[in-house]
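Computed from a predicted model, the values in this text were never measured in an experiment.
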2 protein chains.
Amino acid sequence: MKRHVLIFGLAGGILIAILQYTEYRFVVIEHSVELYGALVAILFSAFGIWLGLRITRNRETIRETVVVKEVFVPAEAPERSGAESKDPLWGSGPKARHAAFAPDTARQQTLGITARELEILTLVARGFSNREIASQLFVSENTVKTHCGRVFDKLGAARRTQAVQRGKELGLLP
Amino acid sequence: MKRHVLIFGLAGGILIAILQYTEYRFVVIEHSVELYGALVAILFSAFGIWLGLRITRNRETIRETVVVKEVFVPAEAPERSGAESKDPLWGSGPKARHAAFAPDTARQQTLGITARELEILTLVARGFSNREIASQLFVSENTVKTHCGRVFDKLGAARRTQAVQRGKELGLLP
DNA sequence: CCAAAAATCACCCGAAAGGGTGACGACATC
DNA sequence: GATGTCGTCACCCTTTCGGGTGATTTTTGG
């Protein structure tokens, strides 16, 4: 947490320096102050938003409420069905999924798959590339790759499609 | 979510206006540009951080862990099963699927996906690499890649995982 | 507070995947 | 015979993936 303030100040100083430098070289020709202010505003807004997202990312109060749903299922069709989940991660797809999905946490634990890894796996299953996943989760692509490698190893998969297949078989993915 | 962008732009304009106004009246005396930029930077950083906090506040995940308790009732559900296919391609997986799967041929035709392409797609979905698929179907790897490219194009997918996801959504894959 | 676990990131390298183009033969249809 | 579709294959090039290694930081549990 302390590091964020540091890089904030640092990047701020650097940005100001750069802006002032460029301002004195190029932009100053005519629309000096207005454009300058707008530039600084935009850049620092983006930076602030990014920082806000980043420092609150893990502040997701994981208020884990366990909701037990009893569902009556015809014995021949053991399809999981239950309430619609609030979490967009498990939300309905374009083809209105009528059954909410709950990952098999027992299996997940026996395999030693962490929550983060499962999160990455679900995004992999949705067809995102590592880069897209990285930008969605505000982490680097290398991190995504690391998680991928770990979860592939735990699932005994060599490819992401295989990992997705295994995940679905094991009840980890919808 | 859209409201935030609006108030963002609005507040941005107002802030810029205020700053420009004040800048021309008070601060301009001596430290014009530097102080001006710093002010804008600080204000907009704070604003960005605030905005980041706000738009992530709703994501304060009240992560309901939905535990689905399946209560089996005596089977009175006649399986709405399609014809059992002879092709082992659609056979039961490791997690004994009780309902046979029949691909949505209508959708398949509207998308212009040929049988061969769908065949390759199912193998892709099972986690096989292009090489493995090639050896299974007794064709060259290049051919598999060609089919893959075609079906990816028809599904609007850029990656195989994405193609698999789309295929499942569209009822082309089990 | 400390130790373990988890998450993050970087770098390298080889393999796999994907895009594009062109081509050829089989087969059906008109 | 001309046309069109489909399946097959090759080549080149770029991007993405996956494996391996090592490191730091954050979180968590005791």
Quick one: is [X] getting a side-chain N or O under 4.0 Å of the [N] phosphate, OP1 or OP2?
X       : N       : result
R131(B) : dA16(C) : yes
S140(A) : dA10(C) : yes
T114(A) : dA5(C)  : no
N130(B) : dA17(C) : yes
R116(A) : dT8(C)  : yes

As a test of reading the structure: which of [options] is closest to the side chain of [X], going by heavy atoms?
X       : options                   : result
F152(A) : dG19(D), dT8(C), dC11(C)  : dG19(D)
R160(A) : dT8(D), dC12(D), dG18(D)  : dG18(D)
T146(B) : dA10(D), dC12(C), dA17(C) : dA10(D)
V139(B) : dT16(D), dA17(C), dT8(D)  : dT8(D)
T143(B) : dG19(D), dC9(D), dA10(C)  : dC9(D)
N142(A) : dC17(D), dA10(C), dA17(C) : dA10(C)

(request) Supply the atom-to-atom distance N130(A) CG to C148(A) SG, rounded to the nearest 0.5 angstrom. (result) 4.5 Å
Roughly, in whole Å, what's the span from [atom1] in [X] to [atom2] in [N]?
X       : N       : atom1 : atom2 : answer
E141(A) : dA10(C) : CD    : P     : 10 Å
Q162(A) : dC17(D) : CD    : P     : 16 Å
L155(A) : dG18(D) : CG    : C1'   : 15 Å

(message) Taking the side chain as everything from C-beta on, heavy atoms only, tell me whether L155(A) gets closer than 4.5 Å to L121(A).
(response) yes
(message) Salt bridge check, E169(A) against R126(B): does any charged N sit closer than 4.0 Å to a carboxylate O?
(response) no
(request) Provide the closest heavy-atom pair for L173(A) versus A125(A) in the form atom of the first, atom of the second, distance. (result) CD1-CB, 3.8 Å
(request) Please tell me which of K145(A) and R150(A) maps to the more 5' nucleotide of DNA chain C, matching each residue to the nucleotide holding its nearest heavy atom. (result) R150(A)
